[in-house]
Engineer: 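One structure follows; several queries about it will come next.
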Amino acid sequence: MTTAKPQLSLYNTLTRTKAPFVPMDENNVRLYACGPTVYDFAHIGNGRAAIVFDLLFRLLRHTYGAEHVTYVRNITDVDDKINARALRDHPDLPLNEAIRKVTETTAAQYQKDVAALGCLEPTIQPRATENIAEMQTMIQRLLDKGNAYQAGGEVLFAVDSMPDYGQLSGRNLEDNLAGARVAVDTHKRNPADFVLWKLSSEDEPGWDSPWGRGRPGWHIECSAMSERYLGQTFDIHGGGLDLIFPHHENEIAQSRCAHGSHAMANVWMHNGFLQVEGQKMSKSLGNFFTIHDLLETNAFGGRKWPGEVLRLAMLMTHYREPIDFSQRRLEEALRINEKLRRWALAADELGFEPDYDRLSTNSDFEAALMDDLNTPDAIQSLHQQMSDLSDRELQSRPEHNRRLAEFRQSLRLLGIKVEADTVSPLVREQLAARLAALNAKNFAEADRIRNELAEQGIALMDYKDETGQRQTKWEVKR
RNA sequence: GGCCGCGUGGCGGAGUGGUUACGCAGCGGAUUGCAAAUCCGUGUACUCCGGUUCAAUUCCGGACGCGGCCUCCA
């Protein structure tokens, strides 16, 4: 009996519908996600985006083979916020040096943070500053084709030159004007026109160009880098909901006009926002948390949170829905994670190969993920699997091992990290001493040791083995 | 003002035109020297008002509430 492999379906912001995903080239499935602007620690909202597209990356690798997927996530290291931060933090250094210091340390911190959240490294992580020439080439092409013009010391994209501008966000130019919040720049032909290149003053970073020493606008880098690494048209482009307009809309405008193409990416995916304890996360409300805060400090809920718990807390909700990030939610994720860990460690003791392709996951689990990354449903399957695994009758059959391996693979596909803990030799001695006390029915001594270990965060679980001998399992509390 | 999305039991959270989601917490039980872990059992639900339908939480319309974008933003 063979069951058809579930077909991956994805919700496409461009069409506002869910549809089967058909890659342009099965041997090179291409994904681009907007990465961080490296001027400060990434916050947990950034973390959610990283996790969502990492999961998609994992799922694509699982489906098409790890070597057949290219995932590009850019690092934006040109930005006026970076300049401001450099001036503030390193007033004594020359600007370029100060900027490099800011971008390098921030980028390194970002890599560390998202790795802790269980994110794989993307295939390519290009930096804007390493792709200035590509941006200039694209800008020149847009000028040559009449989609851009120079005015007021800037090169601007002319939205009127693109008849179907606004497709992604579902808004037309009149809608935008109705809001009347678009800054009125007299040098713009249309108030919605946006900057491709702007001149830099002496004390701003800049690159020489045919239009003078300056720096690129915000949107052009993604157009240039995605073309360089993924081609003029590629499969999937992702980012946060807030990027739909103007960022992604403008990327599409630049790329399609420069290439004369019908599409920049076939599928556009956007993850939902998160709130913190029911409120919008903002520095002024004092509920702004970085990934680093959650991982390494007691700022949120008075304790540190393991990366895999944060990841699970995110995946408990479908990626397009809003999340209310709360302490209660993290506590629930922590509990679920402990349970997942126990079964995963049981599987690891049997020594299964950690190889995505060699072992299949549970089919219900996989079907859930293939349905537009329905992670809550996938987690439901994990609960079902654990429930099945604990069935005595199943445990007596060889199939139990296979099911255990499937479960382990499911967790891997989700990117939930599980690593065995270790304890010191001293703790091992205490465990042995306690077991001896138990066998001597010296419960007072046994409880004393148990309490002592509990204070170190080590929880004990007594049981009897097949021969009726007392045994103790331990667990490091997280 | 324009555009987009959401409203499910104490909490988290899928899904469906008619049948138990699931989990966390709670409660009861098994087990345990006591615990912990585990297992078994268990209550509470689909914002409101219309419409379509034999039947709506599920489709349509409206109201109310919440969030996002239109300006830097995951």
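All figures in this text were calculated on a predicted structure; none of them were measured in a lab. Chain identifiers are assigned alphabetically (A, B, ...) following the order of the sequence lines, protein sequences preceding nucleic acid strands; residue numbering begins at 1 within each chain.
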Engineer: Considering every strand and a 4.0 Å limit on heavy-atom distances, what is the contact class for A:Gln384: base, sugar-phosphate, or nothing?
Structural biologist: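 Touches nothing.
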Engineer: Closest heavy-atom contact between A:Arg48 and A:Thr317?
Structural biologist: NH2-CG2, 4.2 Å
Engineer: Kindly assign one of parallel, tilted or perpendicular to the pair A:Trp268 and A:His237, based on the angle between their ring planes and the thresholds 30° and 60°.
Structural biologist: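 Geometry flag for A:His237 against A:Trp268: parallel rings.
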Engineer: Once you measure the plane-to-plane angle for A:Tyr32 and A:Phe234, does it fall in the parallel (<30°), tilted (30-60°) or perpendicular (>60°) bin?
Structural biologist: tilted
Engineer: Can you figure out which of B:A74, B:G33, B:A37 approaches the side chain of A:Arg342 most closely?
Structural biologist: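 For A:Arg342, the side-chain atoms sit closest to B:A37.
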Engineer: Between B:G10 and B:C6, how many Å separate the two P atoms, rounded to a whole number?
Structural biologist: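 Looking at atom P only, B:G10 and B:C6 are 23 Å apart.
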Engineer: What is the nucleic acid contact for A:Lys81, judged by heavy atoms within less than 4.0 Å: base, sugar-phosphate only, or nothing?
Structural biologist: sugar-phosphate
Engineer: Base, sugar-phosphate, or nothing: which does A:Arg320 touch, judged by heavy atoms less than 4.0 Å apart?
Structural biologist: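 Result for A:Arg320 = nothing.
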Engineer: With heavy atoms under 4.0 Å as the rule, sort A:His247 into base, sugar-phosphate or nothing.
Structural biologist: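 Nothing: the residue A:His247, judged by heavy atoms under 4.0 Å, touches no strand.
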Engineer: Ring centres within less than 5.5 Å and planes less than 30° apart: is that true of A:Phe273 and B:G68 in this structure?
Structural biologist: no
Engineer: Between A:Ser169 and B:C3, does any side-chain N or O lie under 4.0 Å from OP1 or OP2?
Structural biologist: no
Engineer: Can you check the distance between B:A74 and B:G15, where both ends of the measurement are the C1' atom (answer in whole Å)?
Structural biologist: 27 Å
Engineer: Once you apply a heavy-atom cut-off of 4.0 Å, does A:Lys441 come out as touching a base, just sugar-phosphate, or nothing?
Structural biologist: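 Result for A:Lys441 = nothing.
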Engineer: Rounded to whole angstrom, note down the P distance from B:U32 over to B:A36.
Structural biologist: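 Going atom to atom, P in each nucleotide, I get 14 Å.
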Engineer: Heavy atoms only, 4.0 Å cut-off, all strands: where does A:Glu321 land among base, sugar-phosphate and nothing?
Structural biologist: sugar-phosphate
Engineer: When only distance counts, do a donor and an acceptor, one from the side chain of A:Asp462 and one from the base of B:C34, lie under 3.5 Å apart?
Structural biologist: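 A donor-acceptor contact between them is present.
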Engineer: Mind checking the C1' distance from B:U31 to B:U20? Whole angstroms is fine.
Structural biologist: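 It comes out at 28 Å once rounded to the nearest Å.
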Engineer: I'd like to know if A:Arg434 and A:Asp462 make a salt bridge, using a cut-off of under 4.0 Å between side-chain N and carboxylate O.
Structural biologist: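 Answer for the salt bridge query: yes.
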Engineer: Could you tell me whether A:Asp421 and A:Arg478 make a salt bridge, using a distance below 4.0 angstrom between a side-chain N and a carboxylate O?
Structural biologist: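 Yes, charged N to carboxylate O under 4.0 Å.
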Engineer: Hey, is the side chain of A:Lys280 poking within less than 4.0 Å of OP1 or OP2 on B:G68, counting only N and O atoms?
Structural biologist: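 For B:G68, OP1 or OP2 has a side-chain N or O of A:Lys280 closer than 4.0 Å.
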Engineer: State whether A:Arg408 and A:Glu406 are salt-bridged, where the test is any N-O pair (Lys NZ or Arg NE/NH1/NH2 against Asp/Glu carboxylate O) under 4.0 Å.
Structural biologist: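 Salt bridge absent between A:Arg408 and A:Glu406.
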Engineer: Between B:A14, B:G33, B:G10, which nucleotide gets closest to the side-chain atoms of A:Ala446?
Structural biologist: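 For A:Ala446, the side-chain atoms sit closest to B:G33.
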Engineer: Mapping A:Ile244 and A:Gly45 to their closest nucleotides on RNA chain B, which lands nearer the 5' end?
Structural biologist: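 Between the two, 5'-proximity favours A:Ile244.
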Engineer: Checking base pairs now: Watson-Crick or wobble, both atom distances under 3.5 Å. What partners B:G26?
Structural biologist: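 B:G26 is paired with B:U42.
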Engineer: Categorize A:Leu274 for me: base, sugar-phosphate, or nothing, with a 4.0 angstrom heavy-atom threshold over every strand shown.
Structural biologist: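 Contact class for A:Leu274: base.
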Engineer: With C1' as the reference atom in both, quote the distance from B:G2 to B:U58 in angstrom, rounded to an integer.
Structural biologist: 30 Å
Engineer: Given B:A37, B:A14, B:C34, which nucleotide is nearest the side-chain atoms of A:Asn374?
Structural biologist: B:A14
Engineer: For the P atoms, the ones on B:G1 and on B:U47, what distance do you get once it is rounded to whole angstrom?
Structural biologist: 25 Å
Engineer: Do you know the tightest heavy-atom contact between A:Thr375 and A:Leu414?
Structural biologist: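 In this case the closest contact between A:Thr375 and A:Leu414 is CG2-CD1, 4.3 Å.
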Engineer: Under 4.0 Å, heavy atoms only, any strand: does A:Arg329 hit a base, just the sugar-phosphate, or nothing?
Structural biologist: sugar-phosphate
Engineer: Categorize A:Arg16 for me: base, sugar-phosphate, or nothing, with a 4.0 angstrom heavy-atom threshold over every strand shown.
Structural biologist: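 Sugar-phosphate contact only.
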Engineer: Send over the distance from A:Arg448 CZ to B:G33 P, rounded to a whole Å.
Structural biologist: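 Result: 21 Å.
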Engineer: Regarding A:Asp79, tell me which of base, sugar-phosphate or nothing describes its non-hydrogen contacts under 4.0 Å with the strands shown.
Structural biologist: nothing
Engineer: Considering every strand and a 4.0 Å limit on heavy-atom distances, what is the contact class for A:Leu438: base, sugar-phosphate, or nothing?
Structural biologist: base
Engineer: Of the nucleotides B:A14, B:C70, B:A74, which one has an atom closest to the side chain of A:Leu243?
Structural biologist: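 Within the option list, the nearest is B:A74.
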Engineer: For B:U57 versus B:C46, give the span between their C1' atoms, rounded off to a whole number of Å.
Structural biologist: 4 Å
Engineer: Looking at A:Asp377 and B:G23, is any side-chain donor or acceptor paired with a base atom of the opposite kind under 3.5 Å?
Structural biologist: no
Engineer: Which nucleotide in the list B:A74, B:G13, B:G68 gets nearest to the side chain of A:Pro376?
Structural biologist: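 The answer is B:G13.
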Engineer: Does a side-chain N or O from A:Arg470 land closer than 4.0 Å to OP1 or OP2 of B:U32, or not?
Structural biologist: no
Engineer: Mapping A:Ile336 and A:Lys339 to their closest nucleotides on RNA chain B, which lands nearer the 5' end?
Structural biologist: A:Ile336
Engineer: Please work out which of the three classes, parallel, tilted or perpendicular, describes the rings of A:His219 and A:His247, given edges at 30° and 60°.
Structural biologist: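 The rings of A:His247 and A:His219 sit tilted, inter-plane angle from 30° to 60°.
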Engineer: Go through B:C22, B:A14, B:G33 for me and flag the one nearest to the A:His383 side chain.
Structural biologist: B:C22
Engineer: Do the side chain of A:Glu332 and the base of B:G23 come within less than 3.5 angstrom through a donor-acceptor pair of N or O atoms?
Structural biologist: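 Counting by modelled atom types and ignoring angles, a donor-acceptor contact under 3.5 Å is found here.
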Engineer: Pick the P atom in B:G23 and in B:G41, then give their distance to the nearest Å.
Structural biologist: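 Comparing P positions in B:G23 and B:G41 gives a spacing of 11 Å.
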Engineer: Taking N and O atoms by type only, does the side chain of A:Arg450 place a donor or acceptor under 3.5 Å from a partner on the base of B:A36?
Structural biologist: no
Engineer: So which nucleotide does B:A56 pair with, by the Watson-Crick or G-U wobble rule with both distances under 3.5 Å?
Structural biologist: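 In the structure as shown, B:A56 has no Watson-Crick or wobble partner.
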Engineer: What's A:Ser326 touching, base or sugar-phosphate or nothing? Going by heavy atoms closer than 4.0 Å.
Structural biologist: nothing
